[in-house]
Amino acid sequence: MNYFSLNHKAPKVKFSEAVVKGLAPDKGLYFPESITPLAKEFIENIDNYSKEEIAFQAIKQFVGDEISETDLRRIVAETINFDFPLVAVEPNVYSLELFHGPTLAFKDVGARFMARCLGAFSKFEEKKVTVLVATSGDTGGAVADGFLGVPGVEVVILYPSGKVSDIQEKQLTTLGKNIKALEVNGTFDDCQRMVKTAFLDEDLNKALNLTSANSINVARWLPQMFYYFFAYQQLKDKTKKLVVSVPSGNFGNICAGMMAKKLGLPIDLFVASTNANKVVTEYLNTGDYLPKPSVQTISNAMDVGEPSNFIRIEELHDKSFNVLKSSLLSFSYTDDETKAVMRDVKKQTGYVLDPHGAVGYLGLKEALIQSDNAQGIFLETAHPCKFIDVVEDTLGEKVTIPSELESLLSKEKVSVLLENNYNQLKELLLKSVDIQLV
Ligand SMILES: *Cc1c(COP(=O)(O)O)cnc(C)c1O
């Protein structure tokens, strides 16, 4: 499979190059040259297949012949070796729980898949790959865990000192081996700026194979298609109209759902549920796309003012506002509305929502009012205990922490302190090359 840049000013590349580069040289996002629907019989008989088979069928055309079938089947199986339960919350309202992976947020699947693909490629490369990533919380943990112990891959994570939760910091700083955590005396934006500068630095690129591990990378974005197939498989009644609501920030997850629909999965309507960062919601209402600086909310993994995957969504809808509007609704909610619904759902049903899932639930309910005889799924993207302060504060009760996390909290943090200074990062990265050469 070839990938082209959505800026159309860079050569086409194969899957491996798209993964190793991350972003095209013209700064465009990579997009697959063709999308071939799966056989109708496969989707009609989806109940008869294992989740490993379903995931393999969904991803194989996007990988092509660069990874052997045996290796790809192994990579897929290792990527998804935990549960993705569809839980009935109310009649016709289901929560797809995507937080049963090692770091308790949905980003595990993309990170695990990408790590294993890089591992498969690096067998043939002489130079190690260095994954450089800035995190405001969840991405760093998923990447650290996903890439731990992958041969030929070094991971360097930048995070803002004092601005991630305890659990999130421990997930980044206690693994050791090929994972290095750099604690930056600055904000997330500072971390992101340093990472972007590094990608453009010629000296660094000569010395290192640098790549990124956020959802612009096709190997992190595409495996998120699996969720939608797994959800559909678990639906008992497959005859009703299906609405899927995705709590969205960078719009990688929902865009993967739209890819699943292109492959033939019968999803009738998508809902992009957002917090106060509502550039897409406003676009669908007004036709004007106006990115803004992000504002802080209680669903902080969705605090994105300029969603990088939106351009892929436009590409999937013929770059037409009207085509997009016919298959996507979008609603935005305040923190107060989010907290109110968390309390309400707990009281009415006993189900505990995290702030991101709560935004998804709200969007789903609003969309279902407009659709007759429909059923709906919202994606529950993180375990409530990852946002324990907000959840306990809102519900006025304790949330149980899973035992894996309890033991994590007692481990010792190891990080390197870094001033908000690019040259210091550069020196450190170059030094790590020397160490590898010794
Ligand atoms: C990253 C994240 C999101 C947003 O996903 P996008 O693919 O960026 O839209 C939502 N919820 C949680 C918990 C996340 O970590």
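Each ligand, and each atom within it, is numbered from 1 in the order the structure gives. Values reported hereafter were calculated over all heavy atoms of this structure, with side chains retained and with hydrogens, waters and symmetry mates removed.
- Here the protein heavy atom with the shortest distance to atom 3 (C) of ligand 1 is F106 CE2, 3.5 Å.
- At least one test fails for K12 against the ring of Y3: distance under 6.0 Å to the centre or angle within 45° of the axis.
- Ring centroids of F42 and Y49 are separated by less than 6.0 Å, placing the two rings close together.
- The shortest N/O to N/O separation between N253 and ligand 1 falls below 3.5 Å.
- Once rounded to the nearest 0.5 Å, the distance linking CG of L222 with SG of C255 reads 8.5 Å.
- Looking only at distances, a side-chain donor or acceptor of Q168 sits under 3.5 Å from a matching main-chain atom of S165.
- No donor-acceptor pair under 3.5 Å is formed between the side chain of E306 and the backbone N or O of P291.
- Contacts between P247 and ligand 1, counted as non-hydrogen atom pairs separated by less than 4.0 Å, involve the backbone only.
- For ligand 1, the polar-atom distance check finds an N/O of T381 within less than 3.5 Å of one of the ligand's N/O atoms.
- Partner of D145 under the side-chain contact (heavy atoms from CB on, under 4.5 Å) criterion, chosen from R112, K107, Q171: R112.
- Between the side chain of D335 and the main chain of I298, a donor-acceptor pair closer than 3.5 Å is present.
- Close contacts of ligand 1 with F251, meaning ligand atoms under 4.0 Å from a residue heavy atom, involve 6 (P), 8 (O), 9 (O).
- Of all the atoms in ligand 1, the ones that sit under 4.0 Å from a non-hydrogen atom of G252 are 6 (P), 7 (O), 9 (O).
- Ligand 1 has no N or O atom lying under 3.5 Å from any N or O atom of A382, backbone or side chain.
- Regarding atom 4 (C) of ligand 1, its nearest protein heavy-atom neighbour is G249 N, 3.7 Å.
- When only non-hydrogen protein atoms are considered, atom 8 (O) of ligand 1 lies nearest to N250 N, 2.8 Å.
- Comparing M302, H356, K107, K386 against atom 14 (C) of ligand 1, the shortest heavy-atom distance belongs to K107.
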